[in-house]
Amino acid sequence: HDEGLIIPAPHGGLGWHVVLLETGGFDLYKVTSRECHCNQHNCSRSYCNTIGNEVFVGHYDFPENGVIYVHNYVWIDGVINGKATFFTNPNIGYGFFLNDTITKKDNSGNHILGLFTRGFLIIPYDSPNNMTIEAVLMAPSISRLFRNIYDPALEKNTRNSFHLLGTYIASSLPSLKHKTNAGDFYSGYQTVQYTFDPQLLEDAPPGFPKGQGSRFGAPIEIDEHIEI
């Protein structure tokens, strides 16, 4: 069997930060604190989805089959070099924070990223003003891709543009641009664009179905563990 990679729960941490590297593989950080930001209702609620402090753990190459299974919350960003899919803990309470721009190294067809979760896909408060995600996003359960609505006094309550190049597979539509009942934009990304990546017609991320009649299967052939 091909070997995959399991990243265990972060002892003494609040989740993992995966930084994809243009040179290949990824650097792994343990998130030790978060920053919180108020919602639009006089701070009746705070959203704590921005990394506060983190500790470098190590560098890891992608396993041969490209499947990485991560316990707990995952912040992810960087440049994908190769083919890999990250799966989060099947507990619906966990998922991905799309921490910053994610792009492919080039358009040769040799670089594909898949993100699969039964939890959430959140764009944090501290996201770039112009954000690009080049990946396949899959959330087949109850969640969707979204960005919270923040206090309008906060600098990054509104952002400029978001572009997904890849595909989005989920039970609900994304929610990245928030408008009043009158149609006025007041939070999130003002311009949102979704573009299907035609290279996905030739290949799919590791662990995803390929060809007609295939079905998505759980990553059961994972037997290489990181001791952290």
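Here the structure is a predicted model, which means the values were calculated and not measured. By convention here, the first residue in the shown sequence is residue 1.
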Hey, mind stepping through Asn81 and Thr23 against side chain to side chain contact (heavy atoms under 4.5 Å, CB included) and telling me if it holds? CA-CA 7 Å; Asn81 178 350; Thr23 52; 5.5 Å; no
Stepwise side chain to side chain donor-acceptor pair (under 3.5 Å) test for Ser187 and Asn157: CA-CA 6 Å; Ser187 186; Asn157 173 53; 2.7 Å; yes
Test log, rule side chain to side chain contact (heavy atoms under 4.5 Å, CB included), inputs Arg144 and Ser175: CA-CA 8 Å; Arg144 68 190 187 282; Ser175 180; 3.5 Å; yes
Assess the residue pair Tyr60 and Leu28 against the criterion (side chain to side chain contact (heavy atoms under 4.5 Å, CB included)); give the C-alpha distance rounded to whole Å, side-chain angles, the decisive distance to 0.1 Å, and a yes or no. CA-CA 8 Å; Tyr60 301 94; Leu28 186 68; 3.8 Å; yes
Given side chain to side chain contact (heavy atoms under 4.5 Å, CB included), test His163 with Asn130 step by step and report yes or no. CA-CA 8 Å; His163 182 206; Asn130 297 292; over 6 Å; no
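Donor-acceptor pairing under 3.5 Å is lacking for the side chains of Asn49 and His37. For Asn39 and Ser44, the side-chain atoms include at least one donor-acceptor pair closer than 3.5 Å. In the model, Asn53 has no side-chain atom that pairs as donor or acceptor with a side-chain atom of Thr32 under 3.5 Å. At a cut-off of 3.5 Å, with distance as the only test, no side-chain donor of Asn129 or Asn160 sits close to an acceptor on the other residue.
Ring pair Tyr69/Phe87: centre-to-centre distance not below 6.0 Å. Taking the six-membered ring where the residue is Trp, the centroids of Tyr150 and Tyr47 are separated by under 6.0 Å.
With hydrophobic clusters built from ILVMFWY side chains whose heavy atoms lie under 4.5 angstrom apart, Trp75 shares a cluster with Phe146. Taken together through direct or relayed side-chain contacts under 4.5 Å among Ile, Leu, Val, Met, Phe, Trp and Tyr, Ile7 and Val19 form parts of separate hydrophobic clusters. Both Val70 and Phe62 are part of a single hydrophobic cluster, where members link through side-chain heavy atoms under 4.5 Å apart. Val79 and Val136 fall into different hydrophobic clusters, where Ile, Leu, Val, Met, Phe, Trp and Tyr side chains are chained together by heavy-atom contacts under 4.5 Å. Under a hydrophobic-cluster definition in which Ile, Leu, Val, Met, Phe, Trp and Tyr are linked whenever side-chain heavy atoms come within less than 4.5 Å, directly or via other members, Val18 and Leu121 are assigned to the same cluster.
Counting heavy-atom neighbours within 6.0 Å of Leu201 CG, excluding the residue itself, gives a total above 12. The neighbour count for Lys179 NZ, taken as heavy atoms of other residues, nucleotides or ligands under 6.0 Å away, does not exceed 12.
Minimum interatomic distance between Glu54 and Tyr29 (heavy atoms only, all atoms of both residues): OE1-CB, 3.7 Å. Closest approach of Leu20 to Ile102, counting heavy atoms only: CD1-CG2, 4.1 Å. For the pair Phe26 and Asp61, the tightest heavy-atom approach, listed with the atom from each and the gap, is CE2-O, 4.5 Å. In this structure, Ser108 and Asp106 approach most closely via the heavy-atom pair OG-OD1, 2.6 Å. Considering every non-hydrogen atom in both Pro8 and Trp16, the closest pair reads O-NE1, 2.8 Å. Counting all heavy atoms, side chain and backbone alike, Leu154 lies closest to Cys38 at CD1-O, 3.8 Å.
A distance of 5.0 Å separates CD1 in Ile123 from CE in Met131, rounded to the nearest 0.5 Å. Taking CD1 from Ile133 and OG1 from Thr101, the interatomic distance works out to 6.0 Å, rounded to the nearest 0.5 Å. To the nearest 0.5 Å, atoms CZ (Phe120) and CG (Leu98) are separated by 10.0 Å. Note that OG1 of Thr195 is 10.0 Å distant from CD of Glu134, once rounded to the nearest 0.5 Å. With values rounded to the nearest 0.5 angstrom, His17 atom NE2 is found 8.0 Å from Asp100 atom CG. In this structure, CG on Leu113 lies 8.0 Å from CG on Leu137, to the nearest 0.5 angstrom.
Thr85 contributes a side-chain N or O that, together with a main-chain N or O of Pro206, makes up a donor-acceptor pair within less than 3.5 Å. The main-chain N or O of Gln190 is found under 3.5 Å from a side-chain atom of Lys177 such that the two form a donor-acceptor pair.
By the 30° and 60° cut-offs, the orientation of the rings of Phe97 relative to Tyr73 is tilted.
Screening Thr167, Leu165, Asn107 for a side chain to side chain contact (heavy atoms under 4.5 Å, CB included) with Asp197, the sole residue that qualifies is Leu165.
Both the sub-6.0 Å distance and the 45° axial angle are not jointly satisfied by Arg147 relative to the ring of Phe162.
Side chains of Asp27 and His59 form a contact here, defined as non-hydrogen atoms less than 4.5 Å apart. In this structure the side chain of Ile112 never reaches within 4.5 angstrom of the side chain of Phe208, judged on heavy atoms. Residues Pro140 and Ile169 fail the side-chain proximity criterion, which asks for heavy atoms closer than 4.5 Å. Side-chain contact between Lys156 and Ser127 is absent, with no heavy-atom pair separated by less than 4.5 Å. Between Pro205 and Phe116, the closest side-chain pair of non-hydrogen atoms is not below 4.5 Å.
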